[in-house]
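Just below is one structure, and these are the notes that go with it.
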Amino acid sequence: MSNGYEEHMGGDEGKDSKTNLIVNYLPQSMSQDELRSLFSSIGEVESAKLIRDKVAGHSLGYGFVNYLNPSDADRAISTLNGLRLQSKTIKVSYARPSSDTIKDANLYISGLPKAMTQKDVEDMFSRFGHIINSRVLVDQATGTTGASRGVAFIRFDKRAEAEEAVKTLNGQKPPGAAEPITVKFAANPNQVKNTQIISQLYHNQSRRFGGPVHHQAQRFRFSPMGVDHMSGVGNVNVPGNSNSGWCIFIYNLGQDADESILWQMFGPFAPSPTSR
DNA sequence: ATTGAGCGT
């Protein structure tokens with residue numbers, strides 16, 4: 001019944017808005033204890049939380065750190081933001097109160113003229129709201145000098161801002177451009193990976209059976225035959241399952257992880273193909 | 001053409 005909008009915090013609701021931080025772009029290997037330890041070097045930490053995949057348990061590369069003292073939070077931003085850790089550069093900023101209105105505000109833009117710079121793209125989108133960050137993908141990792149791939153990401157402050165940008169700019173041609181651009185909400189990394197897994201399996205099945213495979217049949221036929229072809233993708237550790245060294249999931253994102261599993265397989269107990 | 005997994009039981 002609760003919709004998350006009810007106020008129940010009394011008079012000082014913004015209290016941890018000055019102590020609570022969000023830390024992005026953490027190295028994959030960093031644990032919650034290491035996160036706490038790093039930020040404890042600044043001051044006393046009230047809580048530290050590493051966000052993990054709900055099913056597989058691996059780090060999602062970001063977390064929250066709440067200090068006792070607002071001045072420590074401030075110093076953590078000035079001293080730890082931009083810190084390089086194992087080829088990553090972490091970002092430290094104030095967290096906002098969790099709210100649906102700030103989620104899913106990340107856009108994927110394709111078909112951009114190659115001449116458009118990051119600033120050009122931001123200038124095109126900034127009228128819809130506050131841009132948190134943006135990135136134009138380049139061909140090689142030649143830094144900002146590489147040729148644009150005509151693909152960019154823009155994260156807005158609020159989802160409603162991103163929605164307006166999609167409605168207004170999707171299918172439109174930038175000034176002087178020959179082709180229209182595509183503006184849509186970005187897929188999260190799991191969806192991207194699942195798409196790759198599924199198309200890989202589909203490819204394998206198609207080759208094996210000599211033609212396109214119906215989705216139902218494809219799902220049915222996955223199992224052990226495809227494992228060797230998937231071995232590079234999986235190797236997910238499942239907490240609580242001591243028997244299997246590995247596990248492969250295919251699941252949809254953006255919803256409850258428990259309800260969105262399309263298919264899963266545990267190594268030693270992979271089901272046999274039903275017939276035979 | 002989906003990034004450096006950006007809002008948490």
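Letters A, B, ... mirror the listed sequences (proteins, then strands); counts begin at 1. Values reported hereafter were calculated over all heavy atoms of this structure, with side chains retained and with hydrogens, waters and symmetry mates removed.
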What is the distance from [atom1] of [X] to [atom2] of [N], rounded to the nearest Å?
{"X": "A:Phe64", "N": "B:dA5", "atom1": "CZ", "atom2": "P", "result": "16 Å"}
{"X": "A:Tyr25", "N": "B:dC7", "atom1": "OH", "atom2": "C1'", "result": "13 Å"}
{"X": "A:Lys54", "N": "B:dT9", "atom1": "NZ", "atom2": "P", "result": "6 Å"}
{"X": "A:Arg36", "N": "B:dG8", "atom1": "CZ", "atom2": "C1'", "result": "15 Å"}
{"X": "A:Lys88", "N": "B:dT3", "atom1": "NZ", "atom2": "P", "result": "11 Å"}
{"X": "A:Asn24", "N": "B:dC7", "atom1": "CG", "atom2": "C1'", "result": "9 Å"}
{"X": "A:Gln191", "N": "B:dA1", "atom1": "CD", "atom2": "P", "result": "16 Å"}
{"X": "A:Leu60", "N": "B:dT3", "atom1": "CG", "atom2": "P", "result": "15 Å"}

Please classify the nucleic acid contact of [X] as base, sugar-phosphate, or nothing, using heavy-atom distances under 4.0 Å.
{"X": "A:Ile22", "answer": "base"}
{"X": "A:Tyr108", "answer": "base"}
{"X": "A:Lys103", "answer": "sugar-phosphate"}
{"X": "A:Leu26", "answer": "nothing"}

* Going by atom types only, do A:Asp120 and A:Thr117 share a side-chain donor-acceptor pair under 3.5 Å? ->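 Their side chains do contain a donor-acceptor pair, which is all the 3.5 Å distance test asks for.
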* Look at the side chain of A:Asn106 and the base of B:dT3, then say whether one donor and one acceptor between them are separated by less than 3.5 Å. =>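 Under the 3.5 Å cut-off, the side chain and the base do form a donor-acceptor pair.
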* How would you list, by chain and number, every residue that makes a side chain to side chain donor-acceptor pair (under 3.5 Å) with A:Glu34, sequence neighbours excluded? ->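 By the side chain to side chain donor-acceptor pair (under 3.5 Å) rule, A:Glu34 matches A:Ser31.
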* Does a side-chain N-to-carboxylate-O contact under 4.0 Å join A:Glu161 and A:Lys158? ->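 A salt bridge is absent here (no side-chain N lies under 4.0 Å from a carboxylate O).
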* Asked: Are A:Asp72 and A:Arg75 within salt-bridge range, i.e. N to O under 4.0 Å?
  ->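 Yes.
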* **Whether A:Phe128 and A:Phe156 hold their rings parallel, tilted or perpendicular, with breakpoints at 30° and 60°** =>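 The rings of A:Phe128 and A:Phe156 stand perpendicular, inter-plane angle above 60°.
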* By salt bridge (charged side-chain N to carboxylate O under 4.0 Å, His left out), which residues pair with A:Arg155, not counting sequence neighbours? ->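 Counting only residues at least two positions away or on another chain, A:Arg155 forms no salt bridge (charged side-chain N to carboxylate O under 4.0 Å, His left out).
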* When rounded to the nearest 0.5 angstrom, what distance separates OH in A:Tyr62 from CD1 in A:Ile22? ->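 It comes to 6.5 Å.
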Of the options [options], whose atoms approach the side-chain atoms of [X] most closely?
{"X": "A:Lys49", "options": "B:dT9, B:dA5, B:dT2", "value": "B:dT9"}
{"X": "A:Ala186", "options": "B:dT2, B:dG8, B:dA1", "value": "B:dT2"}
{"X": "A:Asn20", "options": "B:dC7, B:dT2, B:dG8", "value": "B:dG8"}

* Output the residues of residues 148-173 of chain A in contact with DNA chain B, where contact means a heavy atom of the residue under 4.0 Å from an atom of the strand; sort by number or write none. =>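 Listed by number, they are A:Arg149, A:Val151, A:Phe153, A:Arg155.
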